[in-house]
Asker: 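For reference, the structure I am asking about is given below.
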Amino acid sequence: MLANARLYCYIYGIQEKTILTMTDQTAKRDSFGSSFGVLVALAGSAVGLGNLWRFPYLLGQNGGAAFILIYLGFVLLVGLPVMLAEFIIGRRSQASARAAFRKLAPGSRWGITGVLGVICCVLILSFYSVVGGWGAEYLYKAVCFDFTTGDSNTFSNLFSGFSTSVWRPLICHGIFLALTAGIVIAGVKNGIEKFSKVMMPLLFLIVIGIAVRSMTLEGSGPGISYLFKPDWSKVTSQTFLAALGQAFFSLSLGACMVITYASYVKKDANIISLGAQTAAADTVFALIAGCAIMPAVFAFGIAPGEGPGLVFITLPQIFSQMPLGGVVAIFFFLALLLAALTSSISILEVIVAFCIEEFKMKRKAAVAVVFILIWILGVLCSLSMGPLADFKIFGKTIFDLFDFLSANFLMLIGGLLVVIFVGWRLGRKEVYDELTNGGGLKLSPWLLKTIIFLIRFVAPLALIAIAVFQIHE
Ligand code: TRP
C-alpha cells in the first residue's frame, strides 16, 4: 500500500505526506465483516432493555393488545421510514453522526442534528447503564437462588432496598459500563460484530424457552387473551405517545445510532432489506417477551400495571412460585444482561465514533473519556433513586428527566429532522441511488415510491401531529 502510494506520488508529483494521510484515514475506518454480522449487530442494538423491561410494563399500563396494535402501526408507518432514512444518510456518507450531515449538506446547519443525536445517546447511556447494572445484580441474585421463596413484599423491599442504596448500584453500574467499554474498544468487526453474532441467537433461544414455560402454566389463558384481544376502552392520547416513544426507543431511532452503524455497512448491501429485517427481529422479540411475561403475570394473579418495577419485582415473585422458577430466573436475567449489553455497545459507539472523527482521538482514548463522563452522569441517575430522590428538575428526578428528555423528546425531534433531511433536502436521485445501490439492485418502482412517500409525508406528519397534540394537552 505504502509502496504504491510512493510510486503514485513520484509519477504525479504529489506531496507524499498528503497521500499518506489519505491512505491512513481510509485504512483506519472500521467496517462490518459480513451481512449476517451487520444484521445481528443492528438487531442486537434494537433488542434490549426496551424489549424486556420497557415494553412489558408499558403494555401492562396501557391495556395489552390495543397498545400492541398501535405500536405495530407506528413501527410500520413511522419507525421503518425513519430507519431507512438513517440508513441512507449513514451508508452514503460513511461518516459518524455530525460529519455525515456535513458531508451530505456542506456549509449548512444540518450538523446540529448529529450533535443532538450524540447528546441524546449520552443521556440514554447514563440511565441505561444504571438499569443494566441492576440486571447484573439480579443475575447474581438469581445464580445465588435468591428468588426461590418469598412474597410480593419480600421482592418489592428487595428491589427498593437495593436501588435506593448508594454503593452497590454504583458498583454494578461501573461493571456494566466497563463491560460495554471493553467490547467497544475492540472495534466494530472484532468487538461489536463478534459479540453480537454469538449472543443474539442465544438470546432468542432463551426468551422463546421462557415464553413456552410461561404460556403452559396453569391459568395463563387470561394473560394470553390480554396480549391478543384488544380492549380499546383503555386507549387514551397518552397511549399513542407512549407507543410512539417506545417504537423509537426499541428500534434505536432518532439518536444517530443507525446512521453510525450504517456508516460501517458495505456499498453492496441491500439496505431496505436490512432495515426491514432489523425492525422485524425487534418486533418479534418484543412480542415473544410479552408472551414470556404477561401469561405468568396473570397466572399468578399479579396486576399487569406495576410499572418500571415489573421485571425486577413482579418477575422474581413469579419465579419463586413457578416450578423450576429458580433456573428460569437465571436464564431470564442472563438474557436481560446480554440484551442490554448488545444495545449499550451501540449507544457507546455513536459517542465514540463522534469523538474519533470530530476530535481526532484514538479509539481507546475516546472510550476512556466517554466512560468517565457516562459513569459520572450515571452516578447522578443512580443516586436519584435514593439520596437524591428529592432533587427535582421540572418536577422530575434526574433518572426520569434523562429518560423523558431522550425517549419522549430528543429522539422524536431527531427522527423528524432525519426524515425531513432525506425527504426534502437530499436530492431524489441520491435517495434512489442509495436505496438501489446505484441501480445495481432491481427493486420494484412501487416499493421505492411507497418508501419515499412514507419518508416525505407520512412519518413527518405523524411526528408533528403527536407533538402538536402533546403541546395541546
Ligand atoms: N433499542 C435499545 C433497546 O430496546 C436501546 C437502544 C440501543 C437505543 N441503542 C440505542 C435507544 C440508540 C436509542 C438510541 O433497549
Side-chain angles (χ1 to χ4, degrees), residues 40-59 71 74-75 79 82-83 86-87 90 96-97 113-114 116-132 134-135 176-177 180 183-184 192 195-196 199-200 203 207 242-263 275 278-290 308 311 335-354 370 374 402-415 417-418:
V40 284
L42 277 160
S45 165
V47 171
L49 293 173
N51 306 57
L52 284 168
W53 163 67
R54 226 167 170 271
F55 184 73
Y57 86 73
L58 285 175
L59 190 64
Y71 174 81
F74 279 140
V75 168
V82 173
M83 177 168 302
E86 286 202 26
F87 253 112
S96 61
T113 315
L116 284 182
V118 174
I119 294 175
C120 187
C121 284
V122 169
L123 295 179
I124 298 173
L125 192 54
S126 304
F127 74 84
Y128 204 89
S129 64
V130 171
V131 182
W134 296 350
F176 181 83
L177 203 54
T180 306
I183 303 168
V184 172
I192 297 177
F195 183 75
S196 310
M199 293 311 162
M200 286 311 289
L203 201 60
V207 177
L244 182 66
Q246 174 59 18
F248 267 65
F249 189 85
S250 193
L251 295 171
S252 314
L253 299 176
C256 298
M257 192 303 283
V258 182
I259 295 184
T260 307
Y261 270 20
S263 75
T278 307
D282 183 63
T283 309
V284 168
F285 193 92
L287 294 178
I288 303 175
V311 161
L336 186 88
L337 186 64
L338 295 180
L341 272 175
T342 54
S343 298
S344 61
I345 52 181
S346 75
I347 313 177
L348 181 57
E349 178 63 26
V350 175
I351 315 170
V352 166
F354 173 83
V370 179
I374 303 285
F402 280 20
D403 182 15
F404 181 84
L405 269 183
S406 50
N408 291 356
F409 186 65
L410 282 176
M411 292 173 86
L412 301 185
I413 292 186
L417 289 172
V418 159

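For the numbers below, each heavy atom of this structure counts, side chains included, while hydrogens, waters and symmetry mates do not. Order of appearance sets the numbers: ligands from 1, and atoms from 1 within every ligand. Only a predicted model underlies this, so the values are computations on that prediction, with no experimental measurement involved.
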Asker: Number the atoms of ligand 1 from 1 as they appear, then name those within less than 4.0 Å of a heavy atom of Ala255, with their elements.
Answerer: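 Heavy-atom distances to Ala255 below 4.0 Å select 14 (C).
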
Asker: Tell me the protein heavy atom at minimum distance from atom 15 (O) of ligand 1, and give that distance in Å.
Answerer: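 Among all protein heavy atoms, the one nearest atom 15 (O) of ligand 1 is Tyr128 OH, 2.6 Å.
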
Asker: Have a look at ligand 1 and work out which part of Ile124, if any, has a heavy atom under 4.0 Å from it: side chain, backbone, both or neither.
Answerer: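 It is the side chain that touches ligand 1; the backbone stays farther off.
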
Asker: Have a look at Gly117, Ser344, Ala46, Ser252 and point out the one with the heavy atom closest to atom 3 (C) of ligand 1.
Answerer: Ala46

Asker: Could you pull out all donor-acceptor pairs under 3.5 Å where a side-chain atom in residues 279-289 meets a protein atom, sequence neighbours excluded?
Answerer:
unit_1: Asp282; atom_1: OD1; unit_2: Asn51; atom_2: ND2; d: 2.9
unit_1: Asp282; atom_1: OD1; unit_2: Ser250; atom_2: OG; d: 3.3
unit_1: Asp282; atom_1: OD2; unit_2: Ser250; atom_2: OG; d: 2.8
unit_1: Thr283; atom_1: OG1; unit_2: Ala279; atom_2: O; d: 2.7

Asker: When rounded to the nearest 0.5 angstrom, what distance separates CE in Met83 from CG in Leu42?
Answerer: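 It is 7.0 Å, given to the nearest 0.5 Å.
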
Asker: Who passes side-chain contact (heavy atoms from CB on, under 4.5 Å) against Leu337, sequence neighbours left out?
Answerer: Ala136, Leu139, Phe176

Asker: Out of Glu349, Met411, Met257, whose heavy atom sits nearest atom 13 (C) of ligand 1?
Answerer: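 Of the listed residues, Met411 has the closest heavy atom.
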
Asker: Would you say that Leu125 contacts Ser344 through its side chain, given a criterion of any heavy-atom pair below 4.5 Å between the two side chains?
Answerer: yes

Asker: If I compare all heavy atoms of Cys120 with all of Met411, which pair ends up nearest, and what's the gap?
Answerer: SG-CG, 3.5 Å

Asker: Out of all atoms in ligand 1, which are within 4.0 Å of some heavy atom of Ser250? Include the element for each.
Answerer: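 Every atom of ligand 1 under 4.0 Å from some heavy atom of Ser250: 1 (N), 4 (O).
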
Asker: Take the angle between the ring planes of Phe249 and Tyr128 and call it parallel below 30°, perpendicular above 60°, tilted in between.
Answerer: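 Tilted.
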
Asker: Within this structure, what is the CD1-OG distance for the pair Ile345 and Ser45, rounded to the nearest 0.5 Å?
Answerer: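 That separation rounds to 8.5 Å.
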
Asker: Identify the protein heavy atom lying closest to atom 2 (C) of ligand 1, giving its residue, its atom name and the separation to 0.1 Å.
Answerer: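 The closest one turns out to be Ser45 O, 3.2 Å.
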
Asker: Quick test: of every protein heavy atom, which one is nearest to atom 1 (N) of ligand 1, and how far off is it to 0.1 Å?
Answerer: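 Going atom by atom, the protein heavy atom closest to atom 1 (N) of ligand 1 ends up being Phe249 O, 2.8 Å.
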
Asker: Side chain, backbone, both or neither: which part of Ser343 has a heavy atom under 4.0 Å from ligand 1?
Answerer: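 For Ser343, backbone and side-chain atoms both sit under 4.0 Å from ligand 1.
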
Asker: Name the closest protein heavy atom to atom 9 (N) of ligand 1, giving the residue it belongs to and the distance to 0.1 Å.
Answerer: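 Result for atom 9 (N) of ligand 1: Ser346 OG, 3.1 Å.
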
Asker: How many angstroms lie between CD in Glu349 and OG1 in Thr180, if you round to the nearest 0.5 Å?
Answerer: 12.0 Å

Asker: Suppose I only count heavy atoms of Leu49 and a 4.0 Å limit; which atoms of ligand 1 are within that range?
Answerer: 15 (O)

